[in-house]
Number of protein chains: 2
Amino acid sequence: MNIGQAAAASGISAKMLRYYEEIGLMPRAGRSPAGYRRYTEADVQTLRFIRRGRDLGLSLERIRLLVGLWHDRDRSSADVKRIALEHVAELDGRIAELTAMRDRLRALAGSCHGDQHPDCPILEELETGRPAAAGPRGRARRAVPAAAPAG
Amino acid sequence: MNIGQAAAASGISAKMLRYYEEIGLMPRAGRSPAGYRRYTEADVQTLRFIRRGRDLGLSLERIRLLVGLWHDRDRSSADVKRIALEHVAELDGRIAELTAMRDRLRALAGSCHGDQHPDCPILEELETGRPAAAGPRGRARRAVPAAAPAG
DNA sequence: GATGGGGCTTCCCATCATGGGAGGGTCAAG
DNA sequence: CTTGACCCTCCCATGATGGGAAGCCCCATC
């Protein structure tokens, strides 16, 4: 199989196949007399393993470890599980961060009129670091009553 | 103010101050006779604005737009709000992705014994792309590529 | 005046995973 | 023999940030 076929069969671009070889995630592929990389079915299976790992958000470093364990008959499932749970913990952290950002920004956007006037609590908070005080815009409306489910 | 003071006052590293200048996010700073960058209080306020934007996860490109609106007396808050909501939408998407990954990986980890045996549904799913069938624990279990009897 | 330490300058490199493209060789079909 | 698809290597770019080298500047202390 040439690199194009292996790429199509695994769902990983040819570019990445070469890169994975370069960083040692994949073993060096065999070569045709003309220098073309040749891939076996086993290679493709490893590539699919890698792609599924990427689909789960795993870093190539963690995938490298998992491939090693996969090929190790004497592995302990505890090692595999530990790697998975480390990644779960990182995902949790990242999700918490992003969620906090989203909630804060969504609340700010919720209190912004979004009309043709320049007044904007989003800019005010970016400027001052403090929540914008309800200003004298139009008829004294405070920053949106409890109705807004933004949070 | 030299770059170090501006960095300390804004919470952005000196390295980043130079970078923001290079990409045109900050105007070119004035220079002392010796070539040192000089920063004003107004510069520091802009830098703090930028930092707060970064704290909300905004890209430097979006921050650039927001800084422009901030300095534009004729802005419409609608423009600001639109940018904010675009970012909220991206955060939502990213959060959904990460959450899906986390849930899937957590479920896999939950079904892994995590002991000294090699059997591991995490590796099985990475290998086959299908949830591992609950099988007999111990012996006769091949988890190495080559001859996958998955027919 | 000399010296030392810390701050500043520019320039280059690294991250992480991926894509784009140039310039050139190879292969299979017409 | 030509054509077009494929492959090769090498370089560059992304986004935001950090690290570090080599060299200049400033100030305080001796």
Side-chain angles (χ1 to χ4, degrees), chain A residues 1-26 28-39 43-44 47-67 86-87 90-91 93-94 97-98 101, chain B residues 1-26 28-39 43-44 47-67 86-87 90-91 93-94 97-98 101:
Chain A
M1 224 180 313
N2 283 343
I3 198 170
Q5 276 117 38
S10 65
I12 295 180
S13 71
K15 209 89 186 189
M16 280 301 103
L17 291 208
R18 298 194 192 96
Y19 175 65
Y20 291 170
E21 179 177 330
E22 188 192 320
I23 65 171
L25 175 56
M26 285 291 291
R28 252 172 277 182
R31 298 289 181 129
S32 77
Y36 284 20
R37 286 177 181 77
R38 317 247 60 163
Y39 292 88
D43 288 329
V44 169
L47 287 169
R48 282 203 267 250
F49 183 102
I50 292 171
R51 184 182 50 71
R52 292 190 192 104
R54 293 295 297 139
D55 290 347
L56 288 172
L58 291 158
S59 69
L60 295 183
E61 269 321 301
R62 284 216 172 94
I63 290 174
R64 188 201 301 270
L65 297 175
L66 289 174
V67 170
E86 280 171 13
H87 187 55
E90 286 182 13
L91 288 171
R94 191 85 189 106
E97 267 182 25
L98 296 184
M101 290 173 178
Chain B
M1 224 179 312
N2 283 343
I3 198 171
Q5 276 117 41
S10 65
I12 295 180
S13 71
K15 209 91 185 186
M16 280 303 102
L17 291 208
R18 297 194 192 96
Y19 175 65
Y20 292 170
E21 179 176 329
E22 187 191 321
I23 66 172
L25 175 56
M26 286 290 292
R28 252 172 277 181
R31 298 289 180 130
S32 77
Y36 285 20
R37 286 177 181 77
R38 317 248 56 164
Y39 292 88
D43 289 328
V44 169
L47 287 170
R48 283 202 267 250
F49 183 102
I50 293 171
R51 183 181 51 70
R52 291 190 192 105
R54 293 296 296 138
D55 289 347
L56 288 172
L58 291 158
S59 70
L60 295 183
E61 268 321 301
R62 283 216 172 95
I63 290 174
R64 187 201 303 271
L65 297 176
L66 290 174
V67 171
E86 280 171 13
H87 187 55
E90 285 182 15
L91 288 171
R94 192 85 190 107
E97 268 182 24
L98 296 184
M101 290 172 178

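Chain letters run A, B, ... following the sequence lines, proteins first, then strands; residues in each count from 1. Worth knowing before you read on, the calculation uses all heavy atoms, side chains too, and leaves out hydrogens, waters and symmetry mates.
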Quiz item: Can you list the residues that meet the side chain to side chain contact (heavy atoms under 4.5 Å, CB included) rule with A:Arg28, with sequence neighbours excluded?
Solution: A:Glu21
Quiz item: How does DNA chain D look in dot-bracket form if you count Watson-Crick and G-U pairs under 3.5 Å, write [ ] for pairs that cross, and put | where a base pairs with another strand?
Solution: ||||||||||||||||||||||||||||||
Quiz prompt | salt bridge (Lys or Arg N to Asp or Glu O under 4.0 Å) involving B:Arg94 - partner list, sequence neighbours excluded | solution = B:Glu97
Quiz item: By side chain to side chain contact (heavy atoms under 4.5 Å, CB included), which residues pair with A:Asp55, not counting sequence neighbours?
Solution: A:Arg51
Quiz prompt | Partners meeting side chain to side chain contact (heavy atoms under 4.5 Å, CB included) with B:Met101 (sequence neighbours left out) | solution = A:Leu91, B:Leu98
Quiz item: Looking for any heavy atom pair under 4.0 Å, which part of the strands does A:Arg38 touch: base, sugar-phosphate only, or nothing?
Solution: nothing
Quiz item: For B:Arg48, which residues count as a side-chain hydrogen bond (donor to acceptor under 3.5 Å, both in side chains) partner, sequence neighbours excluded?
Solution: none
Practice problem: Could you note down all residue pairs passing side chain to side chain donor-acceptor pair (under 3.5 Å) where residues 1-15 of chain B supplies at least one of them, sequence neighbours left out? | Solution: B:Asn2-B:Arg38
Quiz item: Could you run down nucleotides 11-24 of chain D 5' to 3' and tag each one B, S or - for protein heavy-atom contact under 4.0 Å?
Solution: -----BBSBB----
Practice problem: With sequence neighbours left out, write down each residue that passes salt bridge (Lys or Arg N to Asp or Glu O under 4.0 Å) with B:Arg52, or none if nothing qualifies. | Solution: none
Self-check item: Presence of A:Arg18 side-chain N/O under 4.0 Å of D:dC8 phosphate oxygens OP1/OP2
Solution: yes
Exercise. For DNA chain C, note the earliest and the latest nucleotide, 5' to 3', having some atom under 4.0 Å of a heavy atom belonging to chain A.
Key: C:dA17 to C:dC27
Quiz item: With sequence neighbours excluded, what pairs up with A:Arg62 under the salt bridge (Lys or Arg N to Asp or Glu O under 4.0 Å) test?
Solution: A:Glu86, A:Glu90
Self-check item: Qualifying residues under ring-ring contact (aromatic ring centres under 6.0 Å, His included), relative to A:Tyr20, sequence neighbours excluded
Solution: none
Quiz item: Given the rule in the side chain to side chain contact (heavy atoms under 4.5 Å, CB included) test, do A:Met1 and A:Val44 qualify, once you have shown the distances and angles that lead to the verdict?
Solution: CA-CA 9 Å; A:Met1 224 180 313; A:Val44 169; 3.6 Å; yes
